[in-house]
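One structure is given here, and the rest of the page talks about it.
Numbers restart at 1 for each chain; the letters A, B, ... are given by sequence-line order, proteins then strands.
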Amino acid sequence: MNNELDLVRHLYGELDHPEQLEASLARNAELAEEYQSLQEVKQALDGRSLPRPNAAVLDAILAAAAPVPHGPRQDRQPIAHRRVRRFDRLRIAGAAMLTVLLVSIGIFQFQPSSNPGTSPVIAQKEVPQEARPAPFVAQSIPEETVVEEPAAEKTVTPTPAEAPRVAEVRVMATSRPEEKNTKAIAAEPTEEPVEEWDAAPDVQVLQRRFDMLENRATPTGWGQAIAPASAFQNTPGLRPAGN
Amino acid sequence: MHLTDEQLAEAYVERGDERAFGVLVARHQERVFAYLMGMVRDREVANDLFQETFLRVIGALRKERASYTTQGRWLAWVLRIARNAALDYLRSRRKWKDVVPSESEEMESFWDSLPDEGPVADELLHLAQQSELLEACIGRLPAEQREVLLLRQDADLTFREIAEMTGCSINTALGRMRYALINLRKMMALTESEQPVPTTGA
């Protein structure tokens, strides 16, 4: 049976070792006769023409094979992919908004320092004003030394909203109680080194008045003598009680 | 430059190259249609099945690309789809019975229990063309023998591919082919002996 099946294999060229079958065909006449008959049938089959499908069928197939507008695959994307894509868009939009916010904050922060008219002057005068303890201290320390304060202190730049508060702190620093007790009110502004920015006479007069009012308004500390009421008799606008 | 079937199929799948698919159809249309035609023996039905086969192929290529690459040749994969389409039709017409293949059965086919719609010997005598005679003889073969004959002779599948497709062993496929050829030889000899010799003009 194997030789007979090998006849079919050999007939269609699928026999790996045809030498053995050819030897068998040479020895076995019956096998050779069968091979001859099978070969005749195969020759008849090879000579026939194969049918073809109708042209309309081919056209319909090729029309169906045409690519869809979005590509060869027309299956829908999973919903999870669309969700991920939507989250990606939200993430990108959020990152863009955060970037714009940070940039705007940065511009707002650096805008005062970029104005050359105000902040450098404040930075230069802020440190000497705070470091101004008393008239004799100011005289003993050269002004150049005060100017050369550490950079961290020089670069303190108050915002426009903080400018009045800085001026108030500066005034309070110049009018500490122990200093007020040791100096004369009138002599204080004249002995104090005057900065360039407040060297104008009207500013100096205004500063003296301000200091005077500050001294009068300061409450008495512990251990200090109470000023008698007669000391205020010459004060304009004051009247003794009971009169 | 001759592209293989797999390269053409990949060009269609990856790039949507419909010309590549057209080349595939043109290259194998005769093999596939001859198999379908030999199975159903009706040209209109064969045309419908041919179209159905390639529509299934298109859908499978667009959705399940790996379904053919893992099964060997592209033609074998297409013929498997064509066979399924033909079996669906034949089952609907009750012309096919699913049987468990056995190694010993060849001539005792279930085909005998099916209605015989093929041309009888008298009709064969009147067939003028040799090819038509041969087609008629093929149509009278048992279904398993005819299928193996069509797949090997017309569709050019190997016996191993036929065995895998039909779910039988290689020896069974070889035995069916051998009996198909022997039966064809007998039928052709019978019809040739009974066919009147064409008269020539005086």
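Contact annotation: the side chain of L38(A) approaches that of E34(A) to within less than 4.5 Å [non-hydrogen atoms, C-beta and beyond]. In this structure, Y12(A) and M177(B) have side chains that are in contact, with non-hydrogen atoms separated by less than 4.5 Å. Side-chain contact check for H28(B) versus D5(B): some heavy-atom pair is nearer than 4.5 Å.
Put simply, of T158(B), L149(B), V32(B), L184(B), the one with the most heavy-atom pairs under 4.5 Å next to chain A is T158(B). For the set R160(B), Q153(B), M37(B), the count of heavy-atom pairs under 4.5 angstrom toward chain A peaks at Q153(B). The choice from N54(A), L11(A), L62(A) that makes the most heavy-atom pairs within less than 4.5 Å of chain B is N54(A). Ranking I138(B), D48(B), L55(B) against chain A, the residue ahead of the rest is I138(B), based on heavy-atom pairs under 4.5 Å.
Using a 4.0 Å cut-off between charged side-chain N and carboxylate O, E147(B) and R176(B) make no salt bridge.
L7(A) does not touch chain B: none of its heavy atoms, backbone or side chain, sits under 4.5 Å away. Of the two parts of I58(B), only the side chain, counted from C-beta on, holds a non-hydrogen atom closer than 4.5 Å to a non-hydrogen atom of chain A. Looking at I170(B), only its side chain comes within 4.5 Å of chain A, counting heavy atoms on both sides.
By the 30° and 60° cut-offs, the orientation of the rings of F54(B) relative to W74(B) is tilted.
Taking a 6.0 Å sphere around CZ of R19(B), one finds it holds 12 or fewer heavy atoms contributed by other residues, nucleotides or ligands.
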